[in-house]
Amino acid sequence: MTTPDLFTQPEPGSAADHIAALRTELHLHAHRYYVLDEPSIPDAEYDKLFRELQALEAANPELASPDSPTLRVGGKALDQFASVRHAVPMLSIRTETDTEATGAQNFDARVRKELGLAESDPPVEYVAELKFDGLAMNLRYENGVLMQAATRGDGEVGEEVTQNIRTLRQIPLRLPSDVPPVLEVRGEVYMRRDAFESLNDKQRDKIAKGAKNEKTFVNPRNAAAGAVRQLDPGIAAQRPLSFFAYGLGEVTPQEEGGPQFESHYQMLLILKSWGFPVAALTQTAQGAPELISFHGKIARERDQLPYDIDGVVYKVNSLALQKKLGFVTREPRWAVAHKYPAQEQITTVLAIDVQVGRTGKLTPVAKLAPVFVGGVTVTNATLHNEDEARRKDVRIGDTVIVRRAGDVIPEVVSVLVDKRVQDAPQFSMPRTCPVCGSDAVREEGEADYRCTGGLFCGAQRKEAILHYAHRRAVEVEGLGDRLVEQMVDANIIRTLPDLYKLGLTALAGLERMADKSAQNLLQALEKSKSTTLPRFLFGLGIRHVGEATAKELAGHFGKLDTIMDATEAQLLEVSDVGPIVAQSIRTFFDQAHNREVVEQLRACGVHWPEAEPAARAPQPLSGKTFVITGTLPTLSRDEAKDRVEAAGGKVAGSVSKKTDYVVAGTEAGSKLTKAQELDISVIDETGLLLLLKTPAA
Ligand code: IVH
């Protein structure tokens with residue numbers, strides 16, 4: 001593809017004209033959506049325009065263009081990346097080793113000295129930026145169109161990753177018409193923390209489902225680098241990357257009509273006006289004191305930022321002064337990186353505990369020798385689940401790299417295997433809950449083990465009580481989040497039945513609990529004792545048993561005891577109950593603790609009307625397959641079908657060896673012939689009605 005001609009107008013009404021208009025419109029919306037965060041049309045409308053453009057381009061391949069938004073979804077996979085020699089080398093920044101505020105003073109003092117400034121001279125103006133933790137990228141625009149994107153490489157030669165970079169929605173493919181003919185914009189490609197977390201969640205999911213060759217990523221920077229270096233741009237397109245601009249490479253010189261910038265900050269503002277994302281936290285700063293306060297401010301905000309940074313960067317603002325200061329080898333004297341304490345550290349694993357969450361999820365957690373990382377002392381790091389723990393193969397006594405970034409829970413990144421003590425045993429998940437001793441199970445296709453002692457398990461107490469008291473379950477009016485929290489923390493309630501043993505004195509001891517509210521709660525509890533079987537069943541919080549399933553179960557079995565004793569096969573007879581649900585119900589009632597809680601609730605007076613098992617008696621037509629053909633004397637075809645199905649039989653559309661009966665009316669055709677050929681019983685409507693009345697054997 002060559003540089004498109006943006007200046008010759010296409011013939012009005014032509015395909016070229018239509019394509020150009022769609023591209024312009026899509027560029028506009030993408031900028032509003034991805035850069036300004038102010039979408040002006042619904043997503044569906046955007047998708048529609050996008051597909052329209054895709055179709056037009058497919059029909060007119062000669063109108064392909066490197067700035068088409070359709071390239072955002074990725075193109076053909078490559079065998080390898082081409083090398084790119086940078087027109088202007090990509091420099092690096094000197095790092096100030098002093099992570100304290102004095103680091104900023106050191107830099108300012110050096111700049112002033114090199115510029116020959118006296119103490120009485122005014123402060124130097126700087127631009128203070130964030131040091132993004134991603135990878136540097138050079139974006140080359142020719143006549144306003146993105147023609148090439150290249151990694152930094154060794155600073156002289158990088159790799160061409162244009163196809164992948166075009167998939168970044170934040171990077172403009174086309175610039176306004178007033179940009180210089182040659183313009184290289186430099187900045188950082190990075191992955192937001194939320195994007196990183198959801199990418200890893202997806203990866204863990206794939207691994208749990210048995211995918212080979214999939215892995216989780218260590219940190220957002222590695223994930224971003226991996227995405228940029230994907231040979232298949234289709235995969236790169238699915239990895240959500242972002243971009244911040246912070247500098248320039250080659251630009252048409254001023255003598256040849258290029259732009260004239262006075263300062264770095266002015267240049268950033270212009271990049272922004274051309275559609276590039278520039279970090280909002282960028283600012284000018286007068287002298288060392290303002291650099292120090294910027295450093296402090298960002299240190300405080302660092303954890304809350306949506307992306308990782310490893311420090312801040314100070315740059316002399318005036319381009320004339322930058323020129324005067326010049327370079328030492330590959331590093332400019334006018335810039336410095338001022339870092340923060342590292343977010344990764346080395347420590348040892350003292351133990352591996354298993355924690356139980358509010359919903360019964362079991363999480364293996366490495367207990368660490370205390371280590372200062374990401375600004376806090378860390379003693380625990382999550383291992384997520386069994387597969388992750390196995391994959392990283394963390395063992396007690398291991399030396400590991402721990403990472404803590406932002407508010408994210410600290411993680412073990414990797415094990416330094418050569419430092420492992422001999423014979424350290426591999427970790428395996430316990431088969432019982434470490435809190436309550438109930439069975440822990442891992443369902444097929446799930447990554448997590450769960451405790452099955454929902455009602456009984458101390459870790460799940462609050463959640464279990466709240467669920468039981470829910471409006472759509474047993475309903476205890478006024479028993480909400482805060483109250484349950486207080487009662488459990490004050491140890492007034494340990495298990496569900498304790499709710500019904502509450503007295504005024506115990507309640508009166510709770511914070512903000514007026515006499516009147518205590519009275520009301522006791523009344524609500526009394527009222528809740530009279531409930532229905534579906535509500536009670538739902539209230540038990542059995543995994544996979546929602547309101548609808550609870551109703552089906554109650555309708556089918558009628559009595560709680562029958563449900564508690566039903567085999568998996570019997571449970572499977574209930575419509576709505578599949579193997580996973582059946583197994584979950586069975587496991588729940590197999591836990592002695594859970595049965596005990598149910599007994600105690602009954603003993604406290606919780607009751608409901610029970611019914612005879614509605615559908616448990618074997619049905620007359622169960623296991624039999626019918627084919628109905630022709631016109632029956634009184635029943636319509638649908639009525640006959642309903643009757644057969646209500647009696648447990650099945651109705652098929654065609655006759656086969658598996659057919660038990662063909663019900664034939666007048667004008668029965670080929671189906672009747674087929675039945676006779678296969679020697680299948682043929683009956684009429686009277687015969688069917690008779691079968692329906694006959695009790696099953
Ligand atoms: S300016 C003349 N500004 O740090 C200096 N770099 O060691 C050229 N980086 O590879 C770079 N944030 O990936 C600059 N605000 C920022 C930056 C930044 C991160 C990275 C960049 C480069 C490395 C320089």
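All residue numbers in this chain count up from 1 along the given sequence. Note that ligands are numbered from 1 as they come in the structure, with each ligand's atoms numbered from 1 the same way. Any value given below was found using the heavy atoms of this structure, including those in side chains, with hydrogens, waters and symmetry copies removed.
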Minimum heavy-atom separation for Phe276 to Phe243, with atom names?
-> CD2-CE2, 4.2 Å

With His86, which residues qualify under ring pair (Phe, Tyr, Trp, His ring centres under 6.0 Å), at least two apart?
-> none

Can you sort out the partners of Arg395 under salt bridge (Lys or Arg N to Asp or Glu O under 4.0 Å), two or more places apart, ordered by chain and number?
-> Asp393

Atom pair CD (Glu160) and OG (Ser83), whose distance is rounded to the nearest 0.5 Å | 10.0 Å

What distance separates Leu291 CG from Gln283 CD, expressed to the nearest 0.5 Å?
-> 9.0 Å

Within the heavy-atom cut-off of under 4.0 Å, ligand 1 is lined by Leu91, Ser92, Ile93, Glu129, Leu130, Lys131, Phe132, Ala136, Arg152, Glu188, Tyr246, Val313, Lys315, Pro332, Trp334

List in chain and number order the residues that pass side-chain contact (heavy atoms from CB on, under 4.5 Å) with Lys272, two or more places apart in sequence or in another chain; answer none if no residue qualifies.
-> Val278

